[in-house]
Amino acid sequence: MANSKGLTQSASHSLRGDTKGMKRLLPFLGPAFIAAVAYIDPGNYATNIAAGSKYGYTLLWVIFASNLMAALIQTMSAKLGIATGKNLAEVSHERFSKKTSIMLWIQAEIVIMATDLAEFIGAALGLYLLFDLPLITSAIIAAIGSFAILEIQRRGVRTLEAVITGMILVVVIAFGIQVFFAQPDASSVLSGLFTPKFENVDSILISAGMLGATVMPHAIYLHSALTQNRIVGKNDSERKKIFRFELVDVMIAMLIAGAINASMLIVAAALFHKNGLFVEDLDVAFNQFSVLLGPSVAIFFGIGLLSAGLSSSSVGTMTGDVVMQGFIKRRIPIYLRRIITMIPPLAIIMMGVNPSKALVMSQVVLSFGIAFALVPLIMFTSNKKIMGNLTNHRITTIIAWIVAILIICLNLFLLYSTLFG
């Protein structure tokens, strides 16, 4: 990612202390917002709405815990880019054998294709619900929209960050309105948020799906790429200052992403669960919003889904470029990559596969790839030779490994239950 001259100058003023207050932070805001798009993609819609409609507010704490884990992981990814000037895939290429790098690249591409499937279908479904277009027509329009966002990327990193942030804001407004009209019970929300519990084995399974939809492997690869050359520290002191600023960026972005995910579940609990409805399909959710709250609220749901799908699809394409260049030192034109990754979702739509079911299956594939991104990330950020004065504190490393083991075990449970349950 190339730096603009204005961004570099603003960052230099902030690092020297010439700029005060919030203006000092502004040059460093952006990377986490692009990465955070992965945490509000259409796969989250499917799992969170299903959880809220079936178990009410009970699993709200899973979103809270998942978001804390995600914040830790994204912080380490951002730190790797700042400390090394390289992204996770590039460091993996240097540290692992050629054979291992190729295998990691292949699985990363599979994961990104699954990600793209969820995001592309979500955008198409948003258009289908809003305008009552045939799903294949909606998919073609979504494809055009995703190309438009890629073109924005060529205009510079700050322009892309502004557009992505704007699209996240659309999702925030959409769900804010839905929460307002749904009128959730405040005491139940607080109880669900801070009382960890499960109701049965199925609730554990859906919690694993929620976690798989929240902690995204492609976001782990991408965040290090977004910070590696954006603002380059000249020495250890500057790199430490940059990391502190980026830490604020991560906290703000993940707070917003967490609030959006929580609002998905809260709305489903307040409307669907309260009325005895178990909703798994997003088109059913859209129709029920219209019945229970009116067409205007349903439209906001569709707009949020469309915005989340389009913004996250561009992030998936960017990540594909990053992992290919990092692991095997090869690149293909980004527009060609976009065309290739659109083929599977278009094929699924043309075959008439239920879009919501396809979203859920994509989350299963995503869960398979988390360990391959997370384990190397912890290894590298805990290595002083690689990280210098930005090496993880011992307690950070311990917590990170606990989180990794928990995520991997839950995702293995999800895979087993999906394939053999």
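Just so you know, these numbers use all the heavy atoms, side chains as well, and skip hydrogens, waters and symmetry mates. Treat the numbers as computed from the prediction; the structure is a model and nothing was measured.
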Side chain to side chain, [X] and [Y], heavy atoms closer than 4.5 Å:
X: T137; Y: L127; result: no
X: I102; Y: K99; result: no
X: F289; Y: V284; result: no
X: L135; Y: L125; result: yes
X: I266; Y: F175; result: no
X: L265; Y: M210; result: yes
X: M379; Y: W401; result: yes
X: M216; Y: I370; result: no

From [atom1] ([X]) to [atom2] ([Y]), nearest 0.5 Å:
X: I349; Y: I136; atom1: CD1; atom2: CD1; answer: 5.5 Å
X: L130; Y: I303; atom1: CG; atom2: CD1; answer: 6.0 Å
X: H223; Y: K79; atom1: NE2; atom2: NZ; answer: 12.5 Å
X: T381; Y: N392; atom1: OG1; atom2: CG; answer: 3.5 Å
X: L104; Y: T100; atom1: CG; atom2: OG1; answer: 6.5 Å
X: I168; Y: I40; atom1: CD1; atom2: CD1; answer: 5.0 Å

When you measure from the side chain of [X] to the backbone of [Y], do you find a donor-acceptor pair of N or O atoms at a distance under 3.5 Å?
X: N261; Y: Y39; value: yes
X: S224; Y: Y221; value: yes
X: S53; Y: I49; value: yes
X: S307; Y: G304; value: no
X: D281; Y: D283; value: no
X: S263; Y: I260; value: yes
X: Q107; Y: M103; value: no
X: T47; Y: N44; value: yes

For this session: Test side-chain contact (heavy atoms from CB on, under 4.5 Å) on N383 and M387 and set out the steps.
Result: CA-CA 6 Å; N383 189 326; M387 299 294 293; 5.5 Å; no

For this session: List in chain and number order the residues that pass ring-ring contact (aromatic ring centres under 6.0 Å, His included) with F28, two or more places apart in sequence or in another chain; answer none if no residue qualifies.
Result: F245

Problem set entry | Listed partners of F96 passing ring-ring contact (aromatic ring centres under 6.0 Å, His included), at least two apart | F380

Problem set entry | Candidate pair V171 and Y45, rule side-chain contact (heavy atoms from CB on, under 4.5 Å), full reasoning | CA-CA 11 Å; V171 182; Y45 277 65; 3.7 Å; yes

Heavy atoms from other residues, nucleotides or ligands near [atom1] of [X] exceed 12 (cutoff 6.0 Å):
X: F120; atom1: CZ; value: yes
X: F300; atom1: CZ; value: no
X: M350; atom1: CE; value: no
X: D132; atom1: CG; value: no

Problem set entry | Pairing residues for E161 by the side chain to side chain contact (heavy atoms under 4.5 Å, CB included) criterion, not counting sequence neighbours | P31, I34, V157, R158, R230

Exercise. Sequence neighbours excluded, which residues qualify as salt bridge (Lys or Arg N to Asp or Glu O under 4.0 Å) partners of K54?
Worked result: D202

Exercise. Using the benzene-type ring in the case of Trp, are the ring centres of F194 and F64 under 6.0 Å apart?
Worked result: yes

Acceptor/donor pairs from residues 320-333 side chains to any protein atom, 3.5 angstrom cut, sequence neighbours excluded:
unit_1	atom_1	unit_2	atom_2	d
D321	OD1	R331	NE	3.2
D321	OD2	R331	NE	3.2
Q325	NE2	E90	OE2	3.4

Seminar exercise, completed: In terms of heavy-atom contacts, V111 and P217 come closest through CG1-CG, 3.4 Å

For this session: Hey, could you give me each pair passing side-chain hydrogen bond (donor to acceptor under 3.5 Å, both in side chains) that has a residue in residues 57-73? Not counting sequence neighbours.
Result: T58-E199

